[in-house]
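Below you'll find the structure, written out as structure tokens, and then a few comments.
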Amino acid sequence: MLRLLVCVSGGGTNLQAILDAIDGGTVANARVETVISNNAGAYALERARRRGIEALCISPKDYAARADFETAFCAAVEERSPDLIVLAGFLVKVPDRLIADFPRRIINIHPSLIPSFCGVGYYGLKVHEAALARGVKITGATVHYVDGGMDTGPILLQKAVEVKPGDTPEILQRRVMEEAEWKLLPQAIDMIANGRA
Ligand code: GAR
């Protein structure tokens with residue numbers, strides 16, 4: 001049984017997709033043990049609590065120095081010693097120490113076809129705004145292992161999504177989630193949990 005720790009910052013629809021896929025059996029041999037958010041108001045925490053999953057908020061705002069936040073965050077993760085850390089819309093850079101301690105055991109979902117529209121400053125709606133501004137006709141989502149860079153780790157899965165005339169960033173974000181993200185992230189977890197990654 002692969003024990004997951006999921007990190008979130010916002011609504012948690014990707015967390016929900018993981019939970020639904022575990023319930024529905026499309027993800028086998030995995031369970032979500034802990035959810036950590038950097039944002040106390042994240043609805044993702046509520047989704048976790050409603051299911052009786054441990055839900056923690058560890059926010060940089062609660063610490064005078066970034067180093068103190070990183071120490072607290074790393075300690076919370078290391079205490080729980082998860083088999084896999086899943087960044088499901090987590091908008092904080094993971095401390096280097098954790099990346100060193102969990103080699104190939106941290107994955108991230110990014111809402112574009114990496115290497116397009118990724119790296120520093122590309123997160124959430126900004127990714128879709130940039131894709132529309134550039135006029136691409138195809139975008140998508142990527143699941144990748146996390147290394148020391150920003151969206152630079154080895155790619156595990158990608159799925160393309162069509163950009164349609166009249167798309168707004170919000171409409172495109174929703175299509176990328178529905179057609180790609182909510183499928184890819186559970187699929188990646190199932191692959192890892194069952195020795196196919
Ligand atoms: C998702 O679109 C995810 O790909 C993105 O944040 C959103 C979170 O939504 N992540 C990034 O941009 C990371 N660079 P959710 O909270 O509903 O899952």
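Counting begins at 1 with the first residue of the sequence. Both ligands and their constituent atoms are indexed starting at 1 by order of listing. Just so you know, these numbers use all the heavy atoms, side chains as well, and skip hydrogens, waters and symmetry mates.
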Considering non-hydrogen atoms of the protein only, which is the closest contact for atom 14 (N) of ligand 1, and what is the distance? H110 ND1, 3.2 Å
Atom 17 (O) of ligand 1 - nearest protein heavy atom and its distance: T13 OG1, 2.6 Å
Atoms of ligand 1 under 4.0 Å from any heavy atom of G11, numbered from 1 in the order shown, are 16 (O)
Got a salt bridge between K183 and E179, using NZ or NE/NH1/NH2 to carboxylate O under 4.0 Å? no
Suppose I only count heavy atoms of Y122 and a 4.0 Å limit; which atoms of ligand 1 are within that range? 14 (N)
Region of F90 engaging ligand 1 - heavy atom pairs below 4.0 Å: neither
Closest non-hydrogen atoms of T139 and S112, given as atom of the first, atom of the second and distance, are OG1-CA, 4.1 Å
Can you see which heavy atom on K159 is nearest to which on L184, and at what distance? N-CD1, 3.7 Å
Atoms in ligand 1 with a heavy atom of G124 nearer than 4.0 Å: 11 (C), 12 (O)
G89 neighbourhood, listing ligand 1 atoms whose heavy-atom distance to it stays under 4.0 Å: 6 (O), 8 (C), 10 (N)
Near E181, which atoms of ligand 1 are under 4.0 Å from a heavy atom of that residue? 1 (C), 2 (O), 3 (C), 4 (O)
More than 12 heavy atoms from other groups under 6.0 Å of NZ on K93: yes
May I ask you to check whether N14 has an N/O atom sitting below 3.5 Å from an N/O atom of ligand 1? yes
Ligand 1 versus Q173: contacting region, heavy-atom distance under 4.0 Å: neither
Between N38 and L91 (side chain of the first, backbone of the second, donor and acceptor by atom type, cut-off under 3.5 Å), is there such a pair? no
Assess whether atom CZ of R134 is packed by more than 12 heavy atoms of other residues, nucleotides or ligands within 6.0 Å. no
Do other residues, nucleotides or ligands put more than 12 heavy atoms under 6.0 Å from the OH atom of Y123? no
Under the side-chain hydrogen bond (donor to acceptor under 3.5 Å, both in side chains) rule, what do S9 and N39 come out as? Steps first, then yes or no, please. CA-CA 6 Å; S9 295; N39 167 15; over 6 Å; no
What are the atoms of ligand 1, with element, lying closer than 4.0 Å to any heavy atom of I109? 4 (O), 10 (N), 13 (C)
For the backbone of E54 and the side chain of E33, can you confirm whether one donor and one acceptor N or O come within less than 3.5 Å of each other? no
Give me the nearest non-hydrogen protein atom to atom 16 (O) of ligand 1 as residue plus atom name, then the distance to 0.1 Å. G12 N, 2.7 Å
Among non-hydrogen protein atoms, atom 9 (O) of ligand 1 lies closest to M177 CE, 3.4 Å
For atom 11 (C) of ligand 1, the closest protein heavy atom turns out to be P111 CD, 3.6 Å
